[in-house]
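Here's the structure, in structure tokens; my notes come after.
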Amino acid sequence: MQKLNREQIAARVAQDIPDGAYVNLGIGLPTMVANTISEEREIILHTENGLLGMGPAPAKGAEDWDLINAGKQPVTALPGASYFHHADSFSMMRGGHLDICVLGAFQVSHTGDLANWHTGAADAIPAVGGAMDLAIGAKRTWVMMEHVTKEGHHKLVKTCTYPLTGKACVSRIYTDLAVIDVTPRGFEAIELIAGLDFDELVRLTGAPILDARQKIAA
Amino acid sequence: MQKLNREQIAARVAQDIPDGAYVNLGIGLPTMVANTISEEREIILHTENGLLGMGPAPAKGAEDWDLINAGKQPVTALPGASYFHHADSFSMMRGGHLDICVLGAFQVSHTGDLANWHTGAADAIPAVGGAMDLAIGAKRTWVMMEHVTKEGHHKLVKTCTYPLTGKACVSRIYTDLAVIDVTPRGFEAIELIAGLDFDELVRLTGAPILDARQKIAA
Amino acid sequence: MVNKIAESAAAAIADIKDGATILVGGFGTAGLPFALVDALIEHGARDLVIVSNNAGNGETGLAALLKAKRVRKIICSFPRQTDSWVFDGLYRAGEIELDVVPQGNLAERMRAAGAGIGAFYCPTGYGTLLAGDRETRSINGRDYVLEFPIHGDFALIKALKGDRWGNLVYRKTARNFGPVMAMAAKVAIAQVDEVVELGALDPELVATPGIFIQRVVAVGIQAAKVA
Amino acid sequence: MVNKIAESAAAAIADIKDGATILVGGFGTAGLPFALVDALIEHGARDLVIVSNNAGNGETGLAALLKAKRVRKIICSFPRQTDSWVFDGLYRAGEIELDVVPQGNLAERMRAAGAGIGAFYCPTGYGTLLAGDRETRSINGRDYVLEFPIHGDFALIKALKGDRWGNLVYRKTARNFGPVMAMAAKVAIAQVDEVVELGALDPELVATPGIFIQRVVAVGIQAAKVA
């Protein structure tokens with residue numbers, strides 16, 4: 001069994017984004033999804049600091065620091081792009097106009113609660129940015145993360161122990177081991193990487209998880 | 001005693017509008033104020049259908065029906081004008097950004113209640129437009145109207161009998177007989193037309209009115 | 001390829017069902033999407049709820065839709081005009097329901113729908129008939145009325161130019177309700193004078209980003225009103 | 001003649017008093033009004049409450065204002081960044097108060113202030129720490145948190161061009177918080193690369209109509225950030 005690396009998780013996410021979708025990719029890991037979308041596909045990327053139709057990073061030396069993404073990295077604007085202010089930009093999220101947002105996470109509960117903004121550590125400086133707006137705003141909120149922490153702790157859990165970003169907002173999780181839907185019945189694995197036993201996935205998951213691979217194939 | 005005609009009331013209102021003020025002139029009688037503002041003065045007119053920097057009516061034959069005022073008459077846009085949508089336009093009112101709005105009225109109470117949108121008649125078709133937003137939104141709401149009705153009924157009253165447009169919103173009233181402030185003490189006349197006895201004004205006013213002419217002169 | 005261009009006004013509105021709530025742009029005739037409304041009349045959907053600033057002018061546009069008896073209810077700020085005889089007649093005959101909403105509340109309630117706001121406290125209309133039995137609240141000494149969003153199943157709006165992503169630019173005061181209605185409807189349909197190539201619109205000038213628009217149809221220049 | 005052009009950044013901000021609440025535009029360094037913030041540091045006002053998306057980058061702009069110990073409290077969405085060491089140090093030393101607000105709520109609460117909305121029900125943050133002990137309400141099966149406006153005594157923002165009426169156009173994603181902060185402040189001050197003649201700005205392109213701006217100062221082109 002070979003776990004997916006980050007690029008492979010990103011590519012797996014990209015595969016499920018329909019053509020024509022309006023998508024926001026959260027800062028950090030999800031940003032990598034953009035690089036795995038093939039050029040012939042037309043997916044319209046939103047960045048919450050006021051741009052729809054975000055293009056790839058500019059060539060070295062061609063950076064325009066008035067044209068950045070949510071991670072404050074220089075980007076480009078595609079033909080068809082538009083600029084708008086923050087209240088309009090967050091209306092696009094909160095109003096349910098984005099089809100998908102992809103976020104990183106510390107923990108996701110089997111009811112879809114998301115924790116991704118704060119470790120709860122006493123000395124941590126809290127910083128939330130647009131995470132809470134995105135989590136509850138998009139039509140579908142997908143999470144992209146490693147299945148367990150570096151220390152081997154569960155990240156798919158019954159109840160998040162870290163402070164929440166949003167309640168019952170995650171609909172699907174892409175990990176280095178599996179693709180998991182969050183349903184009224186809890187976690188349902190719809191895809192496992194080659195060579196991974198379902199029992200092993202159960203062991204690595206901190207809440208009950210159903211094998212729904214047949215359902216999807218059917 | 002010669003009552004002011006409508007043009008004269010309009011001119012009297014215009015005289016009190018400071019240079020540089022942002023002003024909305026309600027449909028009907030107040031629209032006439034625009035014509036009495038001398039050309040060398042710079043007053044920025046707002047029309048709630050999405051224009052700031054409204055200019056005079058276009059020349060005959062030069063009408064552009066995409067460029068109209070709240071009364072749906074063709075207007076022009078001055079250099080420095082801007083266009084915006086309705087939510088932004090009414091934010092300008094409701095957010096207290098307009099310095100003055102001038103409205104017509106059926107009745108004004110001595111606490112500043114305004115009735116100008118509905119006669120209350122059973123068979124009347126109600127229509128409010130932007131009157132309620134304007135009445136409560138501008139920094140100052142001025143009313144411009146005849147002092148009494150054609151039938152001789154009071155229009156300055158203790159309590160409005162017509163349905164209200166806004167409560168405690170009117171700060172000044174310009175009539176064909178006087179200029180009246182609405183204060184915590186009620187109506188206060190600050191100016192009477194030449195030849196009008198104060199006692200006569202009292203008779204024509206349906207609520208207590210104080211003579212505040214000295215106060216202003218002092 | 002994202003392509004929101006519909007081949008005709010008829011095609012653009014074909015899935016509007018009886019009973020739909022439709023936000024119709026325009027202030028008087030400026031910004032009124034005549035081609036889409038004409039297509040809707042032709043289409044035949046009935047029992048409609050219309051949200052628009054006015055209730056029709058003369059015998060065309062919204063007035064024609066009303067005259068064809070397709071509208072069950074109208075939510076608007078200013079139905080009564082010198083040329084609103086079609087509405088006036090229906091209203092006096094008890095053949096149409098009317099919900100009068102202050103103009104700014106109409107705009108803000110649609111914006112709230114588009115922006116995912118559940119409700120908001122608004123000072124407009126406090127203490128008046130139009131506040132009805134709505135909740136009120138005093139905040140920092142000022143009185144407010146609780147207002148809820150107005151959502152549309154469809155929006156029919158008019159813009160100057162559009163592209164295949166649905167980006168729109170408007171013309172002068174014809175912009176009026178277009179941007180907020182586009183936000184507030186499940187399916188927002190724009191008639192434009194002209195469809196332009198992707199990239200031809202200045203991204204700084206786009207007043208309605210394409211995310212708010214589902215369909216665009218070019219109808220050529222339609223004057224707001226012949227004087 | 002209406003003339004909102006100030007002769008210098010120093011003159012534009014001269015009446016900012018100790019204890020003022022100041023909305024500072026920008027997302028990171030894009031749209032950050034460096035010249036106005038530098039003038040504010042020079043000016044010396046202290047005990048300030050700053051509302052801005054971030055809490056300073058590097059040693060310039062907001063970070064320099066913080067470093068000069070002029071800020072009592074910051075209301076922002078994302079203080080912690082790779083280059084926010086000035087803020088981080090003050091925060092850990094207990095020398096600055098922090099109020100973290102979700103980014104969209106920050107924008108919407110300022111818009112509400114500018115739009116005369118008393119409060120609004122917002123789904124963002126429901127069930128999280130950041131909702132604190134705010135009122136909540138379920139509307140049509142969705143849970144909302146009651147959010148109140150954020151007003152500013154002053155706003156300091158950056159735009160590309162302005163005119164003597166205060167009309168502004170912005171550049172790309174440097175627009176960010178400028179328009180909402182302009183609405184939300186009693187005195188909104190814009191630094192612009194260039195002041196242009198009245199009538200030189202396309203009235204369709206003006207993103208902040210002059211009614212929301214009290215002062216404009218030309219400072220020449222200030223790059224958002226040298227990479």
Side-chain angles (χ1 to χ4, degrees), chain C residues 31 102-105 107-126 131 134-151 159-161 167-176 178-180 183 201-209, chain D residues 31 102-105 107-126 131 134-151 159-161 167-176 178-180 183 201-209:
Chain C
Q103 195 172 329
N105 288 8
E108 190 71 11
R109 289 172 65 189
M110 288 191 280
R111 183 199 175 268
I117 300 300
F120 60 94
Y121 288 100
C122 186
T124 303
Y126 177 82
R134 288 170 165 79
E135 281 181 49
T136 61
R137 181 171 180 140
S138 178
I139 300 169
N140 293 331
R142 192 170 192 194
D143 294 311
Y144 296 86
V145 179
L146 186 62
E147 296 286 348
F148 289 86
I150 298 175
H151 292 269
L160 177 64
K161 295 179 186 179
N167 294 308
L168 301 180
V169 299
Y170 298 86
R171 185 167 181 274
K172 303 186 178 181
T173 59
R175 184 184 306 197
N176 57 64
V180 290
M183 292 172 71
L201 300 177
D202 178 354
E204 303 280 5
L205 186 58
V206 169
T208 293
Chain D
Q103 195 172 330
N105 288 7
E108 189 71 10
R109 289 172 64 187
M110 289 190 280
R111 182 198 176 268
I117 300 301
F120 60 93
Y121 288 100
C122 185
T124 302
Y126 176 83
R134 289 169 164 81
E135 282 182 48
T136 61
R137 181 171 180 139
S138 178
I139 299 170
N140 293 330
R142 191 171 193 194
D143 294 312
Y144 295 87
V145 180
L146 186 62
E147 296 286 350
F148 289 86
I150 298 175
H151 293 269
L160 177 65
K161 295 180 187 178
N167 293 307
L168 301 180
V169 299
Y170 298 86
R171 184 167 182 274
K172 304 186 177 181
T173 59
R175 184 184 308 198
N176 56 65
V180 291
M183 294 172 72
L201 299 177
D202 177 354
E204 303 280 5
L205 185 59
V206 170
T208 293

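Because the structure is a prediction, the values reported are computed rather than measured. In what follows, chains carry the letters A, B, and so on, assigned in the order in which the sequence lines appear, proteins first and then strands, with residues in each chain numbered from 1.
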Inset, instruction - Would you indicate whether the side-chain heavy atoms of D:F148 and C:Y121 approach each other to under 4.5 Å? - result: no

Legend entry - Test salt bridge (charged side-chain N to carboxylate O under 4.0 Å, His left out) applied to D:R142 - qualifying residues, sequence neighbours left out: none

Inset, instruction - Any chance you could measure D:L146, atom CG, to C:R137, atom CZ, to the nearest 0.5 Å? - result: 5.0 Å

Inset, instruction - Supply the atom-to-atom distance C:T124 OG1 to D:I117 CD1, rounded to the nearest 0.5 angstrom. - result: 7.5 Å

Legend entry - Top contributor to chain C interface from D:K172, D:R175, D:E108, D:R111 [non-hydrogen pairs under 4.5 Å]: D:R111

Legend entry - Note: C:E204-D:K161 ion pair, threshold 4.0 Å (strictly below): no

Legend entry - Contacting moiety of D:D202, where chain C heavy atoms sit under 4.5 Å: side chain

Inset, instruction - Using salt bridge (charged side-chain N to carboxylate O under 4.0 Å, His left out) as the criterion, list what pairs up with C:R134, not counting sequence neighbours. - result: C:E147

Inset, instruction - Identify the heavy atoms of C:P123 and D:G116 that sit nearest to each other, and give their distance. - result: CD-O, 3.2 Å

